[in-house]
Amino acid sequence: MQTSEKQQKAIDLTHHLSDFARARRPSPLKELVRFFDNPDLITIANGTPSPEYFPFAAISGDALVPESFSVTNSPSESSLSWFWKLFGGARKEKTNTISIPKFADRPGELNLQTALQYGAATGLVQLQKFVHDFVERVYQPGYADWTILAHTGNTDGFSRLILTLCNPGEVFITEDWTYPSALASSEPYGIRPVGVPMDHEGLRADDLRMLLSEWDEAARGSKRPHVLYTVPVGQNPTGVTMGATRKKQIYDICVEYDVIIIEDDPYYFLQMGTYAAQFERRSQAIPSDPETWLANLVPSYVKVDYQGRVIRLDTFSKTIAPGSRLGFFTCSPQLAERLERAGETTSQAPCGFGQSLVTKLLTTWQYDGYVRWLQGLAAQYQARRDFLLDALAEEFHFKTSLGTTGAWKGSTVYTAHPKPQRGATMTEKFAMDDRPFFSLVPPTSGMFVWLKMHFDNVNGFKEGDAQTLEVKLWTKIAEAGVLFGPGRYFAAEEGSINPAEGHYRVSFSSATDKDFKKAVGILGKVIREFFQNPQ
Amino acid sequence: MSSYASSNNAAAPVDLSHHLSTEARLRKHNPMKAIWKLTRRKPNMVSLANGDPHYSLYPIRKVEFEMASVDCEDPVGTWRTAGASARSTSFVSSSHDPCAMPIQTALQYSHGAGLPDAQRAVTELTNFYHAPRDHLCTLNLGNSDGITKCFRLLGEPGDHFIADEFSFSSMTNAPLAQGIRWVGIRMDDGGMIPEELEKMLATWDPARGRRPHVMYIVPCGQNPTGSTLSLERRKQIYEIAQRFDVMIIEDDPYYFLQYDSLESETTAPSTPFVPSFLSLDTDGRVLRLDSFSKVMAPGMRLGWTTSAPLFHDLLVSYTDSSTMHPHGFGQALIVEMLWGAGGWRLDGFDRWVRSLRAEYHRRRAHFLSLFARHVAPTGHARASPPEAGMFVWIRVELEQHPRYRTDVAPAGPAAPCTNVAELMEELFERCLDGGLVIMPAHIFALSADPKYDNVEDPIEDRLNYLRATFAGTEEAMEEGLAILGQVLREFFADGQKLASSA
């Protein structure tokens, strides 16, 4: 626990709990755990199998060293480094063997006897210790008695939260565009989202205030929302990132209107800076050491949280692997207690293999090593983003302009126009239809590029066609062999979308460079034909 | 939604969709997972749709599980006694060496049923032991997770669910917040009494709400009583469930721990397992939960639900928008176990579980001999030897206690007329003072509803039981039962003194 004298403890926010969360009782067997943990007592009470029957002798893994990925960003190397690692350099990778024995050689050592036994829903002690230290140093929560609690990934975290905080029939606040899994978790309980407009930093503070101050319970059919769900970094799907000042403004509004903030932040460490076109890109004179890099990341909401009203969701899905199904909450002790109850009758503790392997990896790397790993990862994602955008810049003719309206105001907007075909005469080039296909703002974090389609330039476009055209073009691209995320999936509310617009979410997280080239080639071909002849 | 297309020509399965909760009906497929499925449909599809990290960015390149070798008659006994020198084999999931499930596949996002090969692995186990008619397997994060998902799938606030009158309270506690109430059915040494079940259903008062349509039951080595339903009773209960249209959630973690009789020195590998409700299920009304917790290790947090296709689809949707699929490490493990180079194969797994039950048979015998030495001679308690599982249900002969009373004025129908609850609480405290933790029966008891249940003999008067286990160490059993014997002697002798001070 932090002991700073200036920090206060979390305030009592238990009035936010749902009826469901209040009705949850501790599992009666768990109540007896205090007796089981007493070494002076003999127990013949519990159905815990004897570890001598676990068929495991040890679990080991080959783990990359923290410096595996370069943090330099020289254009010649960076965008291809992962490519060579994949296809040429697997043998050159440097790995260390990490191993977890069945029984501990010394007290406190990670062991399978404990990791593979029934455990409390809070997670392995060694993992808690590492994560607690990490949260304290990296996110620096702004109140004294914050705590952490393991979960099995942010989707599990969010689904526990929504039932813990909201009653059926309530609404919660999201960005206008949001993560569909969050909506899928809440919808069956009749808990609906209400979207707030976004700009280049995400959720707008003025619109949030307006929504809350003008909330008309009778007209809306539900009481004023008291929960905000937000993805503040590399927002899903739009890719935008919120700075410190905006977070503080939004936090203050949430204090004023007594709103709990769910900060879903899987892309926090994938902050990568501004995109520069390939010909303008310079080898950045290198980059900061890991600590400076870390200090320059935008702060988390928990840093401005002096009351304990932020619940932060972290996951190892993007920084280690999705299949580890492991993550953690950072929140006040009162909320952590309710979330633990919610966990112990469902997913219980996260899996012992994942917990022990991830813990062993982290404690082998140690804090400094893990931060170095994260910095290398950010550089990898930067190279991937640049590679995708470079490929688009080759396929289309990009024009840049300063965004003047809405979500893109103040950002550099890249608009994709048809590229003059090689060998065309000046006259042909002149006569060519130059109207743009789509626009985008290169993201500074995360995994996604959000394409805004200019369907009004499609031959024969009529008012109100955008929605059908979004589906039609998506299908054509899919039939040609490329999948994008259809924009409409990400709309918080059907009604809040401008019907003249269409969108796609393009992810640069997982394809190989060959796939990027292929996908962009297909996109160019399909889109040119489609804008000519959408039938 | 899947159709009920059956692979054989048996009678048409029953449409059971009316059992679904409102919540389950409202739940939509997670759209992101719909895209995930599309990427699997066509070869050479380039997906830029999902936020999966590229596998070259996972820091783990290989996971190796060093496992007990099963190349002998009695692998568990060999493993336990040989210590560090025991022969082992490796299940390896790697990014570069040939294996049954490459680590980069295991560590990716997949969909709610689990990775196809992992789903195939548990299907192979299920077909081998239960040969279900037309069911599908869905991976889950262990039985608690699987069961609570079934509860949400079927339970509407205000519903009553059926269970044994003494039931595993972590599970019966779980859906209370969801607005589910329980109806406990009277048991004897053989578990739930079918006639009592039938009576409850046949005389259900609609004023109490919808007639119960879901039963939660642990058929083998029931927790806490240790009882096991005979095949005859299973058939009767299934038939009643058909007649009254009840869904059965079969929670069977102790399936593999079914023992030969007490007289046998061990349980023979050839002793058959009692057929499960799943294997009797012709209607698709059984949802069966299996787990690796008791036969491998609880911390695996991996199990599976076997159900009719309709329920499978809905469990997958629910999983996609709640816990998500189980972790990749466990999925890799089970695939490597069945098909990897160092894997056990199905016959090796079968040898492991049969040898494990022989070990627990020995533990049961050890427990009972200690009980006979330390507790039975007091004359104050007797144990019902279980046919399966890990638990012994110990009856405390409170009727002989000097302060036992049967004349407590009942506060209404179904109210207790004895002081059993009070005496048992005192006994629990005395055990703690003596240095022993043992489970008191009241933790597991489902109370009757005095408004509707006209109970002659309420459960509050029958709480004179303790649940003990033979899963722990032999020292714990020895010391624990010695303490229990001593505490019982003092408790039964001390009556006078405490009675006068009360």
Side-chain angles (χ1 to χ4, degrees), chain A residues 20 23-24 27-29 35 41-45 47 49 52 54-55 57-64 82 85-86 95 115-118 152-153 155-156 159 180-181 184-185 188 318 321-323 325 345-348 351-354 447 481-485 489 506-507 509-510 515 518-519, chain B residues 23 26-27 30-32 39 45-49 51-54 56 58-68 80 88 96 106-109 141 144-145 148 169-170 173-174 177 294 297-299 301 321-324 327-330 390 435-439 443 468-469 471 476 479-480:
Chain A
F20 184 65
R24 238 185 231 295
S27 168
L29 298 180
F35 297 124
L41 293 175
I42 306 279
T43 172
I44 50 170
E52 58 184 344
F54 298 171
I59 298 179
S60 54
D62 287 354
L64 293 181
W82 48 272
K85 279 213 152 58
L86 267 181
T95 57
L116 295 182
Q117 191 53 275
Y118 285 109
T152 69
T155 305
D156 170 55
S159 73
S181 292
S185 303
K318 314 295 182 189
R325 304 308 318 129
T345 50
T346 57
S347 45
Q348 293 200 354
C351 137
F353 301 143
M447 299 181 157
V482 182
L483 288 174
F484 293 154
Y489 275 15
V506 182
S507 159
S509 62
S510 63
D515 285 345
K518 181 179 161 195
Chain B
E23 167 189 327
L26 284 174
R27 187 165 278 118
N30 183 328
M32 298 317 294
T39 63
M45 197 77 158
V46 178
S47 175
L48 303 182
D52 308 25
H54 189 269
S56 63
Y58 306 157
I60 295 171
R61 291 293 189 257
K62 186 172 101 174
V63 172
E64 182 169 346
F65 300 92
E66 193 189 340
M67 307 293 295
R80 186 177 56 81
S88 65
H96 43 276
L107 291 183
Q108 272 166 0
Y109 285 111
L141 282 64
S144 320
D145 173 57
T148 46
S169 44
S170 290
N173 199 42
K294 308 295 183 188
R301 301 280 84 229
S321 52
S322 60
T323 58
M324 301 255 268
H327 49 91
F329 301 112
M390 299 179 161
L436 171 69
V437 189
I438 187 163
M439 287 291 187
I443 285 200
T469 176
E479 287 182 58

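By convention in this document, chain letters (A, B, ...) are assigned in the order of the sequence lines, proteins followed by strands, and residues within each chain are numbered from 1. Here the structure is a predicted model, which is why all the values come from computation and not from measurement.
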- Message: So, using side-chain hydrogen bond (donor to acceptor under 3.5 Å, both in side chains) as the criterion, who are the partners of Ser144(B) when residues are at least two apart?
- Response: Gln348(A)
- Query: What part of Met67(B) is in contact with chain A, defined as an atom under 4.5 angstrom from a non-hydrogen atom: side chain, backbone, both or neither?
  - Reply: both
- Query: Is there a donor-acceptor pair under 3.5 Å between the side chain of Ser185(A) and the backbone N or O of Ser321(B)?
  - Reply: yes
- Distance (rounded to the nearest 0.5 Å) between Thr95(A) OG1 and His96(B) NE2: 7.0 Å
- Test side chain to side chain contact (heavy atoms under 4.5 Å, CB included) applied to Leu64(A) and Arg61(B), step by step: CA-CA 7 Å; Leu64(A) 293 181; Arg61(B) 291 293 189 257; 3.4 Å; yes
- Heavy-atom nearest pair, Ser322(B) first then Ser159(A), reads CA-OG, 3.4 Å
- Message: Before you tell me yes or no, could you show the steps for Leu483(A) and Val46(B) under side chain to side chain contact (heavy atoms under 4.5 Å, CB included), namely the whole-Å CA-CA distance, both residues' side-chain angles and the distance that decides it to 0.1 Å?
- Response: CA-CA 6 Å; Leu483(A) 288 174; Val46(B) 178; over 6 Å; no
- Query: Does any heavy atom of chain A fall under 4.5 Å from the side chain of Thr148(B), the backbone, both, or neither of them?
  - Reply: side chain
- Sequence neighbours excluded, the answer for side-chain contact (heavy atoms from CB on, under 4.5 Å) partners of Ser510(A) is Asp52(B)
- Using non-hydrogen atoms and a 4.5 Å limit, figure out which bit of Ala106(B) sits close to chain A: side chain, backbone, both or neither. backbone
- Euclidean distance, Asp62(A) CG relative to Ile60(B) CD1, rounded to 0.5 Å: 10.0 Å
- Message: What part of Lys318(A) gets within 4.5 angstrom of chain B, counting heavy atoms only: side chain, backbone, both, or neither?
- Response: both
